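I have placed the structure first, in the form of structure tokens, so that the comments after it can refer back to it.
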Protein chains: 2
Amino acid sequence: MRSLHHFSLQPQSRRVRIQLREKKLDFDPIAEKPWERREGLLALNPACETPILVEENGAVIAGAYAIGEYLEEAYVEGPLLGRSPAHRAEVRRLVAWFDGKFEREVTQNLLHEKMVKRLLGQGGPDSGAIRAGKANIRVHLDYISWLSDRRNWLAGDDFSLADIAAAAQISAIDYLGDVAWDQHREAAEWYARVKSRPSFRQILADTWPGTQPPPHYADLDF
Amino acid sequence: MRSLHHFSLQPQSRRVRIQLREKKLDFDPIAEKPWERREGLLALNPACETPILVEENGAVIAGAYAIGEYLEEAYVEGPLLGRSPAHRAEVRRLVAWFDGKFEREVTQNLLHEKMVKRLLGQGGPDSGAIRAGKANIRVHLDYISWLSDRRNWLAGDDFSLADIAAAAQISAIDYLGDVAWDQHREAAEWYARVKSRPSFRQILADTWPGTQPPPHYADLDF
């Protein structure tokens, strides 16, 4: 059986879990704590980072970038990267936006400060970082609203890896209760459509020890 | 004529410049200062980040991830991503290593502190960050030596985007004089082979106002 080494807090792990389910590829999820630097994990990926996909034939694909592209090349059914070069460029621009810019400006400031630092025993959250993260997420939600107003999905007509990368990041922040959905109705409507996809069900069922999500977290009609 | 909006300090811009020259694709380089948030740049990429490729037909491809993949899809001569799915996974794993892990652990601590903060008027370098960057780069150079000892190029038999991404990051740090090459001879031999490629010539000719590179920077036989 194909397996995925993942860390459920991590947006890039969530992104691959959603992509695998969108493509109807079964996998055995293996929960990892990358900071413990388990030898078996290091042997699979010397960066000791999740996600890592291990195919039934033993092939190891490490990292969300490599896995994202590999799945589209190896399993062409249900394409998530776009049909034309221009559409693929737009999907990849937005994937990099959420995995890079959103990750640095929002996720590092909120998820890392509130949850990951505690797991790593690095002390309490920095209040300046939390403030920055909460200010920054508004700009990203405005951008999602702007895109949603003009397009069916974030990168164009079709649901794509861009929607998955965005929703994977936002779902982790939403678990913390840090998304002011009432001030971003168009982004909320887009997110409700992503949440209602069967590929998202497992993400909404995740729980993390010591932190409960807000009531709307798993509500498809929030 | 094809054009590339770039920022010469930025490893991801260097990576695209090298890739274009490896593929023998002519382009007009347009130097940008992304922090000035020029309207023309914002119109091309709402993230206001370089690199941005503009094709002769007007197609805009924004970001090193999208450009790197686009160039391989659109111009199949001189492939830089690997021939098999396993090789491509390895190339992309290493591209993410250098664009992600190296960037966070080394480039942000050295290039950002020493050069970018000054350009942005954000004050002097943080000495703790400089120390961390100098300690971290040793681990990365050891890893390059380890790979070079086992493989012809970083990702396998063929020169690839992994070598380009690694050399683009390292060249920016080398400009600052922060690479202790004498302690990493195998990595130095790999880098000398990359430097001697015609695609690298323009990178070695770059100069940045107020900072001179060390004498070995552009020396192919250092």
Side-chain angles (χ1 to χ4, degrees), chain A residues 12 34 44-49 51-55 57-75 81-105 108 112 139-140 142-144 146-147 155 161-162 165, chain B residues 12 34 44-49 51-55 57-75 81-105 108 112 139-140 142-144 146-147 155 161-162 165:
Chain A
Q12 297 212 342
L44 289 172
N45 182 5
C48 206
E49 290 169 2
I52 306 166
L53 183 72
V54 183
E55 286 279 38
N57 67 6
V60 176
I61 302 104
Y65 166 37
I67 300 171
E69 294 285 335
Y70 165 80
L71 290 176
E72 296 307 308
E73 288 175 358
Y75 305 99
L81 265 177
R83 281 164 301 192
S84 66
H87 192 197
R88 280 195 293 279
E90 183 63 358
V91 170
R92 289 178 178 131
R93 176 183 78 80
L94 287 168
V95 168
W97 179 294
F98 289 99
D99 275 7
K101 190 175 168 65
F102 188 99
E103 168 87 25
R104 284 192 309 275
E105 297 177 354
Q108 284 296 315
H112 185 82
V139 181
H140 288 276
D142 281 345
Y143 188 46
I144 288 173
W146 189 89
L147 290 170
L161 207 56
Chain B
Q12 297 212 341
L44 290 172
N45 182 5
C48 206
E49 290 169 2
I52 306 165
L53 183 72
V54 184
E55 287 278 39
N57 67 5
V60 176
I61 303 106
Y65 166 37
I67 299 172
E69 295 285 335
Y70 165 80
L71 290 177
E72 297 306 309
E73 287 175 358
Y75 305 98
L81 265 177
R83 282 165 301 192
S84 66
H87 192 197
R88 279 196 291 281
E90 183 62 357
V91 170
R92 289 177 178 132
R93 175 182 78 80
L94 287 168
V95 167
W97 178 295
F98 290 99
D99 274 8
K101 189 174 168 65
F102 188 100
E103 168 87 25
R104 284 193 310 274
E105 296 177 355
Q108 284 296 316
H112 185 81
V139 181
H140 289 275
D142 282 345
Y143 187 48
I144 288 174
W146 188 90
L147 290 170
L161 207 56

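The shown structure was predicted, so the numbers you read here are calculated from the model rather than taken from an experiment. Every chain is numbered from 1 and lettered A, B, ... according to where its sequence line falls, protein lines coming before strand lines.
Looking at residues two or more places apart in sequence or on another chain, you find a side-chain hydrogen bond (donor to acceptor under 3.5 Å, both in side chains) between H140(B) and W97(B), E105(B). Partners of E90(B) under the salt bridge (Lys or Arg N to Asp or Glu O under 4.0 Å) rule, at least two apart in sequence or in another chain, are R93(B), R151(B).
In this structure, chain B has no heavy atom under 4.5 Å from any part of D99(A). Looking at V91(A), there are no atoms closer than 4.5 Å to chain B (heavy atoms on both sides), in backbone or side chain. For E55(B), no part lies near chain A; criterion is any non-hydrogen pair under 4.5 Å. Using a 4.5 Å cut-off between heavy atoms, A62(B) touches chain A through backbone and side chain atoms alike.
Listed options G63(B), A66(B), A86(B), A59(B) were ranked by heavy-atom pairs under 4.5 angstrom with chain A; first place goes to A66(B). Each of Y65(A), Y143(A), Y70(A) has some count of heavy-atom pairs under 4.5 Å with chain B, and the biggest count is that of Y65(A).
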Exercise. After noting the C-alpha distance and the side-chain angles of E73(A) and R88(B), does the key distance pass the side chain to side chain contact (heavy atoms under 4.5 Å, CB included) rule?
Worked result: CA-CA 10 Å; E73(A) 288 175 358; R88(B) 279 196 291 281; 2.8 Å; yes
Problem set entry | Evaluation steps, side chain to side chain contact (heavy atoms under 4.5 Å, CB included), between R92(A) and L81(A) | CA-CA 8 Å; R92(A) 289 178 178 131; L81(A) 265 177; 3.7 Å; yes
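Side-chain contact between E49(A) and K101(B) is present, with at least one heavy-atom pair separated by less than 4.5 Å.
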